[in-house]
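Numbering starts at 1 and runs along the sequence shown. Only a predicted model underlies this, so the values are computations on that prediction, with no experimental measurement involved. Order of listing sets the numbers, starting from 1, for every ligand and every atom in it.
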Amino acid sequence: MIRKFDLAVVGGSFAGLACARTAALRGLKVAVIDAKKEPGARVRTTGIVVKEASDDFDLPARLMRKVRGVRLYAPDDRALDLHAPGYFFQATDTAGVLRWMADEAARAGAELMYGARFEHGLEHARGVALSSLGLHADFLVGADGARSRVAECFGLSRNKHFLTGMEIECEELKGFDPRFLHCFADSAIAPGYIAWVVPGVGVTQIGVAATKPARPDLGLFLRRLKTFCDLREIKTEERRSGLIPTGGTLSNLGTRRVMLVGDAAGMVSPVTGGGIHTALAFGRRAAQLVSEHLDGLGPHPVRALAKEAPRYRAKLLMRRALDLALPNALINALWMAAPVRSLAQRLYFHARPGDAASFEDWNETFERGEAKPSVKLHLI
Ligand SMILES: Cc1cc2nc3c(=O)[nH]c(=O)nc-3n(C[C@H](O)[C@H](O)[C@H](O)COP(=O)(O)OP(=O)(O)OC[C@H]3O[C@@H](n4cnc5c(N)ncnc54)[C@H](O)[C@@H]3O)c2cc1C
């Protein structure tokens, strides 16, 4: 028997679960199909979210830890401390966040089908038949990540440019100031990107990424860390790897009845590789557009989403420059120059000003518990 849904979402991660929850709250009958055996299994991300994402999506504080600044190291280990008073990133218990999001989507009424792989679908005038999964949907959202099978199946644009990322998660390490996200510029280890140490939620995450086809060298990075900690202290609990699209939002995001979102749509910052906030925001937006369209109220969702999606024009140019992977000697020579500091400040904190003297002031405000997340209210 074929079961009928208004919306099928392929991918039960950030974009798919945000989409499913909103669509279900809006009254659609929603199915989420994910190949993983359960939500939060086989996490592939470091899971750092920007402050705006944790504010906008009310992610549970118990699953996050605030990181107040970025300590950026040159190849010769000289460090720049960057921060923007009042601003922080959130390290997350990512598997926990995804489990919480899945519970929220189910509570809103979405049906979650983990352990089910999308292989093929047949689009027709009134919807999409997913015969091998025994279901039919009026609309299908592909939130199935960087190598989207939905994009392939329906002849949509596909990501072509990537960073390859690798990470280990280990028992908490001392030796890294937990107030900072520790980032290492090093073209031998991470050509085109950086390596990182994140004092996370009850764990330490150590990772590295490089522009594909170059491979990031996690082994070399671990050896470099011996000036910070005793390598024997590193007790690996999990290993992960994955691709990060860097080519920007794709041009052909959908058909009459199918639409891509999140990494599947290339909605990832080509410079930082951050895609969780956009996956959440545009996953939710996709649901709003689809529900309005199915109610006969709104424009076609693909047209509307393509207009609203980030284009990343300046970041794509910057990505080309980063892909050149400057030699380490040159990075060392330029390190303390003022333009390098202001570029790094811009990359991590956008237009927010930094102030070299005031990290300790900002940190004290934070420690006193006076740095509450600010929520902007838009009243008409
Ligand atoms: C190593 C690494 C570190 C990163 N660190 C950060 C970070 O710190 N902060 C940040 O903002 N971003 C980070 N990113 C990027 C971020 O992880 C992604 O942008 C984000 O996960 C995108 O969410 P998504 O829901 O679009 O896709 P994904 O999280 O990739 O989820 C896709 C889902 O689709 C499912 N799926 C795939 N194919 C099928 C199929 N055929 N059938 C059924 N299900 C399928 C998968 O099981 C998965 O659950 C990182 C990425 C990597 C690889």
Taking CZ in Arg311 as the centre, count heavy atoms belonging to other residues, nucleotides or ligands within less than 6.0 Å. Is the count above 12?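 Counting neighbours around CZ of Arg311, more than 12 heavy atoms of other residues, nucleotides or ligands fall under 6.0 Å, so yes.
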Taking only heavy atoms of [X] into account, list the atoms of ligand 1 that are under 4.0 Å away from them.
X: Gly242; result: 53 (C)
X: Lys36; result: 47 (O), 49 (O)
X: Asp263; result: 18 (C), 19 (O), 20 (C), 22 (C), 26 (O)
X: Ile33; result: 43 (C), 44 (N)
X: Gly262; result: 26 (O)

Would you call Gly47 a ligand 1 contact, heavy-atom distance under 4.0 Å?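 Gly47 counts as a contact of ligand 1 under the 4.0 Å cut-off.
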Does ligand 1 have an atom under 4.0 Å from some heavy atom of Glu167?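 Outside the 4.0 Å threshold, so no.
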Minimum-distance pair of heavy atoms, taken over all atoms of Ser187 and Asn328: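 In this case the closest contact between Ser187 and Asn328 is N-OD1, 2.8 Å.
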Quick check: [X] and ligand 1, any N/O pair under 3.5 Å apart?
X: Ala116; value: no
X: Val261; value: no
X: Gly16; value: no
X: Ile276; value: yes
X: Thr45; value: yes
X: Thr46; value: yes
X: Phe118; value: yes
X: Ser13; value: yes
X: Ile48; value: yes
X: Ala35; value: yes

What is the closest protein heavy atom to [atom], and at what distance does it sit?
atom: atom 21 (O) of ligand 1; result: Phe14 CD1, 3.5 Å
atom: atom 12 (N) of ligand 1; result: Gly275 N, 3.2 Å
atom: atom 37 (C) of ligand 1; result: Asp144 O, 3.3 Å
atom: atom 15 (C) of ligand 1; result: Gly273 O, 3.5 Å
atom: atom 53 (C) of ligand 1; result: Arg44 O, 3.3 Å
atom: atom 51 (C) of ligand 1; result: Ile244 CG1, 3.5 Å
atom: atom 30 (O) of ligand 1; result: Gly145 CA, 3.7 Å
atom: atom 25 (O) of ligand 1; result: Ala15 N, 2.9 Å

Under 3.5 Å: donor-acceptor pair, side chain of [X], backbone of [Y]:
X: Asp6; Y: Asp138; result: no
X: Thr92; Y: Gly47; result: yes
X: Glu123; Y: Arg257; result: yes

Would you tell me which option among Thr272, Leu260, Val9, Asp34 has the nearest heavy-atom contact to atom 48 (C) of ligand 1?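 Selected option, by shortest heavy-atom distance: Asp34.
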Heavy atoms only: which of Gly11, Gly115, Ala143 lies closest to atom 32 (C) of ligand 1?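 Checking each option, the heavy atom nearest atom 32 (C) of ligand 1 is found in Ala143.
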Report yes if the side chains of [X] and [Y] come closer than 4.5 Å at any heavy-atom pair, otherwise no.
X: Leu63; Y: Trp100; answer: yes
X: Glu233; Y: Glu171; answer: no
X: Leu225; Y: Ile206; answer: yes
X: Arg68; Y: Phe180; answer: no
X: Arg21; Y: Val30; answer: no
X: Phe14; Y: Thr45; answer: yes
X: Phe176; Y: Arg71; answer: no

Please determine which of Phe228, Tyr193, Trp196 meets the ring pair (Phe, Tyr, Trp, His ring centres under 6.0 Å) test together with Phe184.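 Among Phe228, Tyr193, Trp196, the one meeting ring pair (Phe, Tyr, Trp, His ring centres under 6.0 Å) with Phe184 is Phe228.
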With Asp230, which residues qualify under side chain to side chain donor-acceptor pair (under 3.5 Å), at least two apart?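 Result, side chain to side chain donor-acceptor pair (under 3.5 Å) vs Asp230: Arg232.
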Check for me whether the distance between the ring centres of Phe349 and Phe89 falls short of 6.0 Å.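 Yes, they do, as the ring centres are separated by less than 6.0 Å.
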Salt bridge (charged side-chain N to carboxylate O under 4.0 Å, His left out) against Glu238, all qualifying residues, sequence neighbours excluded: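 Only Arg240 meet the salt bridge (charged side-chain N to carboxylate O under 4.0 Å, His left out) criterion with Glu238.
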